[in-house]
Amino acid sequence: MARSRRGRGRVPATAAAPVDGGLAELVPDPDRPRAWSLLLDGRPQSHVDLDDPARLSFPYQRALGHVVDLAAPPGRPVRAVHLGGGAFTLARYAAATRPRSTQQVAEVDGPLVEFVRRELPLRPADRIRVRHGDARAVLGKVPDGWADLVIADVFDGARTPAHLTSAEFLAEARRALGPGGLYAANIADGAPLAHLRAQVATARGVFAELCLTADQAVLRGRRFGNAVLLAADRELPLAELARRAAGGPEPARVLHGRALAEFAAGAAAVTDATAAPSPEPPAAVFARGRD
């Protein structure tokens with residue numbers, strides 16, 4: 001592991017270490033003394049504030065945070081499965097906003113887990129258990145109906161692996177959810193949005209209800225970015241979700257019902273036999289940071 005000083009005074013050092021996914025760096029936030037951005041090979045992955053874990057900086061993180069907020073009545077503990085670890089931002093968020101929640105995090109990059117846990121330790125009281133392994137394999141070991149919430153935010157480099165995009169994978173997530181449970185996924189795509197449309201079509205074949213939250217420019221294919229898919233076998237909190245999405249610092253739109261069906265029209269569901277990784281983002285995406 002290497003450290004480099006940035007400036008003078010009390011600005012903390014950047015921490016860096018080689019991991020399976022490349023070079024991991026934790027870069028200090030110049031405006032917040034215990035906040036950090038996680039980069040892999042220079043690409044922003046997540047941001048976490050240890051003094052305020054309920055503060056979510058990236059738009060996609062805030063969209064997933066809304067899902068955590070609406071998964072159950074305010075403050076009630078939940079049982080959550082996070083597929084993809086990163087800096088454990090969403091798990092820390094759930095622990096801060098829903099104390100006594102029980103959470104499992106699946107992360108395939110063992111050295112990354114060790115690096116983040118060493119530099120940004122998890123609190124034992126937060127009840128976050130990190131499992132080293134492939135996300136789908138870890139999900140397969142979750143007991144039937146155990147989870148209130150399954151969040152998929154998995155990237156190999158900048159692409160979601162193919163085996164985490166199929167109907168069979170979504171069926172595993174549905175199996176792990178209890179009655180009323182929510183499944184949410186961070187999906188990255190750009191024009192012509194073939195991947196995103198296919199993911200919507202795939203989820204429609206597995207879950208009874210779903211919606212999609214994204215910036216209007218992403219939904220229209222004007223730029224590459226992130227969208228959050230939410231699915232369940234119960235009525236979704238659409239009105240509150242739309243209010244939160246529209247009222248954030250970077251307003252987003254929530255598609256559901258007919259509008260979502262029109263968005264995904266003509267797209268075929270993805271199976272294990274046809275699955276492919278999500279598309280590689282253009283270089284310009286990393287110049288502006290994660291959406």
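Keep in mind it's a predicted model, so treat the numbers as computed, not measured.
The shortest non-hydrogen separation linking Leu23 to Ala16 is CD1-CB, 4.3 Å. Nearest heavy atom pair, residue Gly21 against residue Asp109, reads N-OD2, 2.9 Å.
Counting only residues at least two apart or on different chains, the side-chain hydrogen bond (donor to acceptor under 3.5 Å, both in side chains) pairs with a member in residues 256-277 are Arg136-Asp272, Ser166-Asp272, Thr271-Thr274. Applying the side-chain hydrogen bond (donor to acceptor under 3.5 Å, both in side chains) test to every pair with at least one member in residues 67-95, sequence neighbours left out, gives these pairs: Asp69-Tyr93, Asp69-Arg244, His82-Gln103. Listed by first then second residue, pairs satisfying side-chain hydrogen bond (donor to acceptor under 3.5 Å, both in side chains) with a partner in residues 198-219 number zero, not counting sequence neighbours. For residues 141-152, every residue pair satisfying the salt bridge (charged side-chain N to carboxylate O under 4.0 Å, His left out) rule, not counting sequence neighbours, is listed here: Asp144-Arg175.
Counting heavy atoms of neighbouring residues, nucleotides and ligands inside a 6.0 Å radius, atom CZ of Arg197 exceeds 12 of them. Heavy-atom contacts from other residues, nucleotides or ligands closer than 6.0 Å to CZ of Arg129 number 12 or fewer.
In summary, the side chains of Gln104 and Arg131 do present a donor paired with an acceptor at a separation below 3.5 Å, with no hydrogens or angles considered.
Contact of the Leu64 side chain with the Tyr60 side chain is registered, since non-hydrogen atoms from C-beta on lie closer than 4.5 Å.
Looking only at distances, no side-chain donor or acceptor of Asp29 sits under 3.5 Å from a matching main-chain atom of Trp36. Looking at Gln45, its side chain does come within 3.5 Å of a backbone N or O of Arg43 through a donor-acceptor pair.
In summary, Arg123 and Asp126 engage in a salt bridge, as defined by a charged side-chain N under 4.0 Å from a carboxylate O.
Hydrophobic cluster membership of Leu260, counting Ile, Leu, Val, Met, Phe, Trp and Tyr whose side-chain heavy atoms lie under 4.5 Å apart directly or via other members: Ile187, Leu193, Leu196, Val200, Leu210, Leu212, Leu219, Leu229, Leu255, Phe263.
Among residues two or more places apart in sequence or in another chain, the ring-ring contact (aromatic ring centres under 6.0 Å, His included) test is passed with Phe207 by Tyr183.
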